[in-house]
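So the structure is just underneath, and the comments pick up after that.
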Amino acid sequence: MDTVEASAARNHRLRAHHLDGRVLLGRVEEVVGACGVQNSPPGAWETALWNRVENCTLGAIREALYERKSLLQAWSYRGAPVVFPTDQSDVFLGTLIARAGEDPWIYTSGITGALDHLQMPFDDLFNRTKAAVGYLDGHTVRSKEALDATIAELIERDLPSDRKARWRDPSMYGDPERQTVGQAAVSFLLRPCSFSSLVVFGERQESSPTFTSFENWIGHAPDRIPDADRELVRRFVHCYGPTTLDSLRAWLGSSRKQARRLWEAASEEMEPVRFEGKTCFALSSDRESLLDASDCTARLLLLGAHDPYLDLRDRNVILQDRSLQKLVWKYVGNPGAILDGGKVVGIWKTKAIKGKIDVSMTLWDDTPHVKRKQLVALAEQYAAFRSLELRNFQLG
């Protein structure tokens, strides 16, 4: 059994994530399709492409998403908003549909309180939600709050009379003055509705997202892809290998049973390797890359929060200090990560006010003066990418 060193794994992952060097804009679909790009907080996908695409501009990548529609945004793995190639929707959506006997997804586990209050089984409410979401085939709704309210109202019309009062009761989740139990239940179930392409993101209007159906947005139903299950796992293992079944499950946000089914779809393409003291798996086609001891070009990068490269489960591979890991991967409000040679060496934050932007960086180790100058230049480049003036820069 081959042994993969951490340094070689970092180099391989940098290549897999297109972070070893910027690529031409014409390859944007290839870059986004590596493993999808999470878009939370809003704009995270744009920062991810700024790090990967040569001469990247907001206008060019937004054109691909909103005008050419070669890219699409929808709730995908872990129920997160993810941008991916439109023609790969079956990989990033359809494969996530749970089959009979596969427990509900992690992002619907919290719905139990609402179901108990409504005295309704999960499957009944899910089917009602999918039927009501058909409204989006001919409509676009602005804001997530409005979407929850619209679908909840449509469901309520067909509820038994003894359920309607409970449906309208104040929510036990969000602000009870602004959300009902029914709206909260819908919010949980919109994620799995997305896997059937029943709801996707449309064009953002100022600070609000919009929502419609895949067919209404694109003009036709999504293409079916042979072996889409295998393809999703192949992309995950390529980008995060060497890896494990448990890591795939955590990345998907699925039950272990569903993750195992998907894993087995691609198992013939994998082989065991020794990594970080345990048995992991990698694609056989990646063997040469993972055993290559030569370094990638050591790029200094400002990765945004939730960049795909940071979405790994074995965080010690890029940041060994567990106390520092807590500063990068937080429950809410993740900062950006400063990457040097594939390792996280610090964090960065921004604050935009009236056409200007403040950038603050914290480095954990002694960094050569030349690299500190490079960080100033990167901050200026990022401000220009956002069409903002760099007002203040702090480096500590």
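Just so it is clear, the values below take in all heavy atoms, side chains as well, and ignore hydrogens, waters and symmetry mates.
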Aromatic ring centroids of [X] and [Y] under 6.0 Å?
| X | Y | result |
| --- | --- | --- |
| Phe188 | Tyr173 | yes |
| Phe84 | Trp45 | no |
| Trp263 | Phe236 | no |
| His18 | Tyr309 | no |
| Phe201 | Trp217 | no |

Whether the [X] and [Y] side chains hold a donor-acceptor pair (N or O, under 3.5 Å, no angle test) is what I'd like checked.
| X | Y | answer |
| --- | --- | --- |
| Thr244 | Asp246 | no |
| Thr210 | Gln205 | no |
| His117 | Asp169 | yes |
| Asp292 | His12 | no |
| Ser289 | Arg15 | yes |
| Arg274 | Thr279 | yes |
| Arg235 | Gln88 | yes |
| Tyr382 | Thr47 | yes |
| Ser213 | Asp137 | yes |

Pairing of [X] and [Y] as salt bridge, 4.0 angstrom limit:
| X | Y | result |
| --- | --- | --- |
| Asp365 | Lys343 | no |
| Glu102 | Arg256 | no |
| Arg62 | Glu46 | yes |
| Glu63 | Lys69 | no |
| Asp307 | Arg52 | yes |
| Arg287 | Asp2 | yes |
| Arg230 | Glu269 | yes |
| Asp311 | Arg78 | yes |

> Phe393: what forms a ring-ring contact (aromatic ring centres under 6.0 Å, His included) with it, not counting sequence neighbours?
Replying inline: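 If we apply the ring-ring contact (aromatic ring centres under 6.0 Å, His included) test to Phe393, skipping adjacent residues, there are no hits.
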
> Partners of Phe275 by ring-ring contact (aromatic ring centres under 6.0 Å, His included), sequence neighbours excluded?
Replying inline: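 Expected list: none.
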
Give me the atom names and distance for the closest heavy-atom approach of [X] to [Y].
| X | Y | answer |
| --- | --- | --- |
| Val273 | Pro242 | CG2-CB, 3.6 Å |
| Pro192 | Phe126 | CB-CZ, 3.7 Å |
| Val32 | Leu49 | CG2-CD2, 3.7 Å |

> More than 12 non-hydrogen atoms from neighbouring residues, nucleotides or ligands closer than 6.0 Å to CG on Leu25, yes or no?
Replying inline: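 Counting other residues, nucleotides and ligands, CG of Leu25 exceeds 12 neighbours.
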
>> Is it the case that over 12 heavy atoms from other parts of the model lie below 6.0 angstrom from the CZ atom of Arg178?
In response: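 Incorrect, the count does not exceed 12.
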
Can you name the salt bridge (charged side-chain N to carboxylate O under 4.0 Å, His left out) partners of [X], sequence neighbours left out?
| X | value |
| --- | --- |
| Glu276 | none |
| Arg391 | Asp358 |
| Arg204 | none |

Side-chain heavy-atom pair [X], [Y] within 4.5 angstrom cut-off:
| X | Y | value |
| --- | --- | --- |
| Cys56 | Ile61 | yes |
| Lys144 | Leu190 | yes |
| Arg142 | Glu206 | yes |

Please report, to 0.1 Å, the donor-acceptor pairs under 3.5 Å made by any side chain of residues 325-339, with sequence neighbours excluded.
residue, atom, partner, partner atom, Å
Gln325, NE2, Leu319, O, 2.7
Trp329, NE1, Leu310, O, 2.9
Asn334, OD1, Lys330, N, 2.8

>> Let's go through Asp340 and Lys371 carefully: what are the C-alpha distance in whole Å and the side-chain angles of both, what is the deciding distance for salt bridge (Lys or Arg N to Asp or Glu O under 4.0 Å) to 0.1 Å, and is it a yes or a no?
In response: CA-CA 10 Å; Asp340 188 12; Lys371 290 194 174 182; 2.8 Å; yes

> Under 6.0 Å from the six-membered ring centre of Trp50 and within 45° of its axis: does the NZ or CZ of Arg22 meet both?
Replying inline: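 Yes, Arg22 lies over the aromatic ring of Trp50.
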
>> Could you check whether any side-chain N or O of Ser171 sits under 3.5 Å from a backbone N or O of Ala184, counting only pairs where one atom can act as donor and the other as acceptor?
In response: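 Judged by distance alone, no pair lies under 3.5 Å.
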
> Any donor-acceptor pair under 3.5 Å linking the side chain of Gln183 with the backbone of Thr180?
Replying inline: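 Such a contact is found between Gln183 side chain and Thr180 backbone.
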
